Amino acid sequence: MKKIKFSINVLALSLIGLASTSVMAKATFVINIQDDPDEGFNDPTPVTPVGGNNGTTLGEQRLNVFRRAGQIWGANINSDIEIVINAQFDPQTCSNQGAVLGSAGPTQIYANFANVPITNTWYYPALADSISGQNLGGVNDVNTIFNSEIDNGCLGGSSWYYGLDGSTAPNSTALLPVVLHELGHGLGSSTVTSGTTGAFISGRPDIWTNFLYDLSTKSTWREMSTNALRVASAINEFGLVWNGPSVNARFPEVLNTSPNRTQLTINSPVSIADTHVAGSANFGDPVPANGLTANVILANDSVANPNINDGCEPITNDLTGAIALVIRGDCDFVLKVLNAQNAGAIGVLIANNEDIGIVGMNGTEPGVTVPSLGISKKAGDDIISQLPGVSVTMGFTTTAFIGENGGHVRKFAPESFDGGSSVSHWSTTASPNLLMEPTITPTIFSEVDLTYNLFEDIGWDVAVDLIFEDGFE
Amino acid sequence: MHFKKSHLAIVTVLLVFSSMTLAETKELTQLEIKQKTDALMNQSQEGLELKVLSDGTEYVDLQGRFQMFSKVKIVDGKKVFVCNTHPTVDMTNHTHEVKSNNYPTLKRASK
């Protein structure tokens, strides 16, 4: 076993040709090489230097890529405690139909250590060590394994690209972004809360649960009262987001803009005043550009079975000049909106009948001329709790970004839960592509983008005003 | 001579790769069996034990679980990358949305 130690500080950055200003980041990475002689990181196979990687053996080039990934992360986070990475290149699954590239994860989780920001909360070891200012006892912080078989041509003749310049050769897979991504997981970019059961380990939430936020319940995973709510949230494709101050502040600089999207604003009473993500309808008139404001009346069709407020039968109370509220279920959206319109409503809100989720509405009904929005169950319950006298505005966000919803960056939460991909990654809708999406796209190479801010949210001491002449972030 | 388990695994893998063109009905290698088993265990919280250090620090040894796997699958001649907790490549069966400026905000339904 061989240990390679390297530290990143201002002086080191200068030595490797990276000028910087106001950089105070310092993190020492120790790589515990687990490979046997003549394999993996010790592979003596002669190779030609490539793409700025000056290694002359396969093992050296692999190590140089690892060093580079450590440099990148080490330039973004601070720690007085060495970050120890168990690393090896070993044969993994590989065929001409696919391959495991690599894997990583934390070795332990810690809670209630010295200086902990939030008690009774799990933190990954490297972060816990950094916060506490001491090695809490674990020998290694992160376990990593990468697939040595890739270089044997098992992936349809493809191989690893060991260059550090982003000029990935055709029919190759760049190693650097894979290592960067996997180390990101090990340093804290994932949760150990189960997405299939919603359960915390040993009954304690991990730090991510403070920031995983569901737009339909307006609650964090930590705040959710049941495991079932977390399970539902883990597949709330459009409603699971990250709500952390650093990510919230930074994503407008990172994500590309999008056309404005519909939202509902509850203007009064103050007790429920808030803005809610809302789904638009592809029937009826669109929401006016300047918004539509009125008081809300809960529609009543006088048919109690199944629901007196589902709007599936002709409405019996006067909705003239009001925005009607009806409850989802029992019939098509278009019928509900048409019934409310016929009772005098100038707009219609349809509240979800499920705890989690907000839907956009499809339908065809030429007779519908009023705008309508789909809102969350929580928004509907809030309104109902304060009727009469609730004023709302059906309108639009002033700014919207690709990969964002409700003012927060979306997490990957497809309707079919994908263990490991779901929740622990950014949504694949993000544009531009982000390092910690579940898919490593060719446009990703050495950027850490919003993960820097996510790390700050979960408690890492991050570099301030990081500026590099060579342009990498 | 000292043999590691990894040596046996490597030999097994090499034997498998030399016959990769065989039909799907071939037996799983030791490596594939291990990885399928590992997939089941990887996200399990069962058996994880909370321990307390003398200063009150609490910790759980994750026993090598909660590993995140980066994988690539060849689909229609193109590489599709994915990261999840399954070490088996055949679990990478979902596709990812094409990015555009008109991506939908929310799921749509008719009722």
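Just so we're clear, the structure is a prediction, and the values are computed from it rather than from any experiment.
- In this structure, the portion of Phe200(A) lying under 4.5 Å from any heavy atom of chain B is its backbone and not its side chain.
- The line from CG of Asn236(A) to CD1 of Ile358(A) is 7.0 Å long, rounded to the nearest 0.5 Å.
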Ile150(A) vs Cys94(A), test: side-chain contact (heavy atoms from CB on, under 4.5 Å). Steps then yes/no. CA-CA 7 Å; Ile150(A) 300 287; Cys94(A) 184; 4.2 Å; yes

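- If you measure heavy-atom distances from Ile145(A) to chain B, you find no contacts under 4.5 Å at all.
- Using a 4.5 Å cut-off between heavy atoms, Leu53(B) touches chain A through its side chain atoms alone.
- Both the backbone and the side chain of Thr173(A) come within contact range of chain B, with heavy atoms under 4.5 Å apart.
- Proximity to chain B (any heavy atom under 4.5 Å) is shown, for Ala400(A), by neither the backbone nor the side chain.
- Of the residues considered (Val192(A), Asn282(A), Asn143(A)), Val192(A) shows the highest number of contacts with chain B, using heavy-atom pairs under 4.5 Å.
- When side chains are defined from C-beta on, Phe401(A) does not count as touching Asn256(A), because their heavy atoms never get closer than 4.5 Å.
- Heavy atoms of Pro125(A) lying under 4.5 Å from chain B are absent altogether.
- At a 4.5 Å heavy-atom cutoff, the contact between Ser424(A) and chain B is made by side-chain atoms alone.
- Salt bridge Arg261(A)/Glu404(A): present, at least one basic N to carboxylate O contact under 4.0 Å.
- Contact count versus chain B (heavy atoms, under 4.5 Å) is highest, among Gly329(A), Gly105(A), Ser103(A), Gly156(A), for Ser103(A).
- Side-chain atoms of Ile375(A) and Asn352(A), non-hydrogen and from C-beta on, never get closer than 4.5 Å to each other.
- Taking chain B as the reference chain and counting heavy-atom pairs below 4.5 Å, the highest number among Gly363(A), Pro106(A), Ser194(A), Ser190(A) is found for Pro106(A).
- With hydrogens and angles disregarded, a donor-acceptor distance shorter than 3.5 Å links the side chain of Ser216(A) to the backbone of Gly357(A).
- Ranked by heavy-atom pairs shorter than 4.5 Å toward chain B, the options Thr191(A), Ile201(A), Thr196(A) are led by Ile201(A).
- When the candidates Glu49(B), Lys79(B), Lys111(B), Lys51(B) are compared by the number of heavy-atom contacts under 4.5 Å with chain A, Lys111(B) comes out ahead.
- In terms of non-hydrogen atom pairs under 4.5 Å with chain B, the most contact-rich of Met436(A), Glu415(A), Met361(A), Glu182(A) is Glu182(A).
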Run the side-chain contact (heavy atoms from CB on, under 4.5 Å) check on Phe89(A) and Trp160(A) step by step: do they pass? CA-CA 12 Å; Phe89(A) 262 81; Trp160(A) 283 117; 3.9 Å; yes

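- Using a 30° and 60° split on the angle between ring planes, His425(A) and His185(A) fall in the perpendicular class, above 60°.
- For Tyr123(A) and Phe113(A), the ring centers sit closer than 6.0 Å to each other.
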